[in-house]
Amino acid sequence: MKQSSLRRRLVVAFAVAILIPAIAAGLAGVLMIRQHVYRQAQSKVNSDLESAVEIYQNYLQRLEDSIRIHATRMIIYDAARTGDTTRLGPELQRVQKAEGLDVLTLIDLRGEVLYRTNNPLVTGNQAQDKVIQQVLAKKAPVAGTDIASMEDLRLESDELARQAFMEITPTPYASPTGKTVASQGMVLKAAAPVFTPDNQMVGVLWGAILLNRNNEVVDKIRKTLFKEELYKGSEIGAATIFQDDVRISTNVMDKAGRRALGTRVSAKVADQVLRRGQTFRDRAFVVTDWYISAYSPIQDVNGAIIGMLYVGILERPYADRLWRSVFVFLGIIVLAVLLVGVIDLTISYRISRPVRAMAEAMQRLAKGEYPPKIEVRSNDEIGYLAENFNKMSDELAAAHRLLVHSAENLERKVEERTTELKDMQDHLIQTEKLAALGKLAAGVAHEINNPLTGILTNSSLMLEDCAEDDPTRPDLQTIVDETLRCRKIVKGLLDFARQTPPQKQLISLNQVVEDVLGLLRNQVGFREIGVTIQLDPTPSSVMADHDQMRQVILNIVLNAAEAMNGKGELTISSSIERQNRVIRLAIHDNGPGIPDEVKSRIFEPFFTTKSTGTGLGLSIAYGIVERHGGEISIASAKGQGTTVSVDLPLHSVLSHA
Ligand SMILES: Nc1ncnc2c1ncn2[C@@H]1O[C@H](COP(=O)(O)OP(=O)(O)O)[C@@H](O)[C@H]1O
Ligand SMILES: [Mg+2]
């Protein structure tokens, strides 16, 4: 298992979920902002173009008005009627200058030039002129844009022809052309019929303004529409008049900062506006910069397309504004993505951390370790899971501990039982051995008893018959004494082998102790022994043979005295152990103690470490206590003194309470 797989998947899922909409929203937003900004700019340019056309038309109208008014003057119609232009000349020249006209000419109804203000000496026929033809036909003033040929201009003046002449500059994006010079001029032209007061039409007065290199109109347009506003040093707006596709009047500047006269429009615009007669509205690259542009066709009086009027605003301010908006917008999106990213990481960490911790803990549990608790911070499903996991692992741990504990317990119990069993077995062996020895001894004693009686009787009689000074007398005496000793041993053997059944009755063990001590106290071997008695004062009784109990206590106390060599401390205590329903008699001496090898044989008949011992004292005590359903035991170690304990079943206890 990859450690971080869950977390990574969560992160990736979140990232995809946020990044795709964010990118989509970003793209859509940028496109929408762009569209909005450009549409706004374009609609401004469109309305600017309308205004520019208006201004252009205004110039034409003014020209027409001025020609119409002058055509009504007497000096004009007199000259036209009479053909006498002597007085007319100076007046027309004054009018031309005052009205700012490049051409002012009076012709008669046949088109013959009566007076050409620029060049009075040159006459000619102008009947073929489209504007003049319309005036003659309509008998009303007509104004429009027109093309003037170089010859026509040269007839007026060389200066006008020079003004119109223009070298064509190669321009990127323009359609290929063979032309290198503009060989025509474009003019605003107005003509009005000349009437006599009796309403007779006698001639036509017409005037024109050459647009080539004349920037009045375009500058007026720019001033009116853009107030000559600057953006980072550049004019924000520009206007241009095209003759065909060549800039003949413009305030678009070239790189050198001159008016970009003689440059050409792009092929795309030329095609749409000049060939198809449609308005062009779009961004366009104009000489040095991108402009949001609008081009409108300029037609002559017959409706033929002869040029274009252009208005454009610099794209850069809009582009800058667009970028600012886009930056702000994208900034917001990036911030949102970052925020969601942080939340995403936090959430996925919160989810994956406890899950991972649980997985690790699970592995450790499987290995039998106790894993640390998983921290629960959230109170959602994950938190709930972790909490339950903790509970589960606690329970597992507890169960495991219990198991280990039980196993240990079991082991210990088995050990205990084993030693118990072994003790019991030892005890049993000892008991069996003692019983067998007892039987043997009883048989031997029985066999010996009769011959002994014979020996004793005869030797006693012989002793009685023997004279006081008979040298055999001491020997006889020895025989009698030793035989008596043998009888004593035999009797002991018979006692040990329960040849005499106990005469049981209710007695107080404390009382028996007092009796025995009363007997012994003044004996020779006891004079230098300090005796302490601590008897349980609770009145109690046991069912026992009084004489046999006395014998048991006597044998034990005598052993103690012998062990201490007649000098030491003897303590006799009794205590009632209610829960076991026994009374325990403990006889302690501070003698030399019993080494282990002696202790294991101490209850055997005839086992003694003393030169004059019979080895029967403890074996007799053992037999008696056994027959009373009690137990006798020895606690001792070398150099520690000895305690012999006798436990007898209680018959009754009189409680103090
Ligand atoms: N209180 C005691 N202190 C030390 N040794 C003892 C004590 N009681 C008994 N013994 C040992 O147990 C042996 C057996 O005792 P017992 O059966 O009375 O025979 P005997 O006293 O005739 O030797 C003794 O020889 C002695 O070695
Ligand atoms: Mg003894």
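This structure is a prediction, so every number in the text was calculated from the model and none was measured. Both counts, for ligands and for their atoms, begin at 1 and track the order of listing.
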*Closest protein heavy atom (residue, atom, distance) for atom 17 (O) of ligand 1*: Leu618 N, 2.9 Å
*asked:* If we only consider heavy atoms of Ala560, is any one of them less than 4.0 Å away from an atom in ligand 1?
replied: yes
*At what distance is the nearest protein heavy atom to atom 21 (O) of ligand 1, and which residue and atom is it?*
Lys610 NZ, 2.8 Å
_For atom 7 (C) of ligand 1, what is the closest protein heavy atom, and at what distance to 0.1 Å?_
Asn559 CB, 4.0 Å
*Could you list the atoms of ligand 1 found under 4.0 angstrom from a heavy atom of Ile602?*
12 (O)
*Per-atom contacts, ligand 1 versus Gly613 - under 4.0 Å to a heavy atom*: 22 (O)
*Identity and distance of the protein heavy atom lying nearest atom 13 (C) of ligand 1*: Phe607 O, 4.0 Å
*Could you label the plane-to-plane angle of the Tyr622 and Phe603 rings as parallel, tilted or perpendicular, counting under 30° as parallel and over 60° as perpendicular?*
tilted
_Pair Arg316 + Asp289: basic N to acidic O under 4.0 Å_ = yes
*Record the part of Thr608 in heavy-atom contact with ligand 1 below 4.0 Å; permitted values are side chain, backbone, both and neither.*
both
*Without swapping roles, check the side chain of Asp589 against the backbone of Gly591 for a donor-acceptor pair under 3.5 Å.*
yes
*Between Thr609 and ligand 1, find which residue part has any heavy-atom pair under 4.0 Å and reply side chain, backbone, both or neither.*
both
*asked:* Lys367: which residues meet the salt bridge (Lys or Arg N to Asp or Glu O under 4.0 Å) condition with it, sequence neighbours left out?
replied: none
*Sub-4.0 Å atoms of ligand 1 with respect to non-hydrogen atoms of Gly617*: 16 (P), 17 (O), 18 (O)
_N/O donor-acceptor pair under 3.5 Å between Arg487 side chain and Leu452 backbone_ = no
*Report yes if Ser619 has an N/O atom closer than 3.5 Å to an N/O atom of ligand 1; otherwise report no.*
no
*For Asn555, is the nearest heavy atom under 4.0 Å from an atom of ligand 1?*
no
*If you look at every heavy atom in Thr642 and Gly593, which pair is closest and at what distance?*
OG1-CA, 3.5 Å
*Numbered atoms and elements of ligand 1 in range of Ile594, under 4.0 angstrom, heavy atoms*: 4 (C), 5 (N)
*Any donor-acceptor pair under 3.5 Å linking the side chain of Ser574 with the backbone of Arg584?*
no
_Atoms of ligand 1, numbered as shown, that sit under 4.0 Å from any heavy atom of Thr642_ = 3 (N)
*asked:* Short of 2.8 Å from the Mg ion (ligand 2), name each protein N/O/S atom, waters not counted.
replied: Asn559 OD1
*Backbone or side chain, does any N or O of Gly615 fall under 3.5 Å from an N or O of ligand 1?*
yes
*Val480 pairs by side-chain contact (heavy atoms from CB on, under 4.5 Å) with which of Leu456, Asp475, Asn458, Ile455?*
Leu456
*Is the shortest side-chain N to carboxylate O distance from Arg485 to Glu482 below 4.0 Å?*
yes
*Under-4.0 Å heavy-atom contact with ligand 1, by part of Asp589 that carries it*: side chain
*Can you see which heavy atom on Ile624 is nearest to which on Met549, and at what distance?*
CG2-CE, 4.1 Å
*With the threshold set at 4.0 Å, does a side-chain nitrogen-carboxylate oxygen contact exist between Asp320 and Lys232?*
yes
*Please confirm whether Ala563 comes within less than 3.5 Å of ligand 1 when only nitrogen or oxygen atoms on both sides are compared.*
no
_Can you see whether Asn510 engages Glu514 through a side-chain donor-acceptor pair at a distance of less than 3.5 angstrom?_
no
*Are any side-chain N or O atoms of Asp536 and backbone N or O atoms of Ser575, one a donor and one an acceptor, separated by less than 3.5 Å?*
no
*Which is it for Asp481 and Gln477 under the side-chain hydrogen bond (donor to acceptor under 3.5 Å, both in side chains) test, yes or no, and what are the steps along the way?*
CA-CA 6 Å; Asp481 286 353; Gln477 185 64 49; 3.2 Å; yes
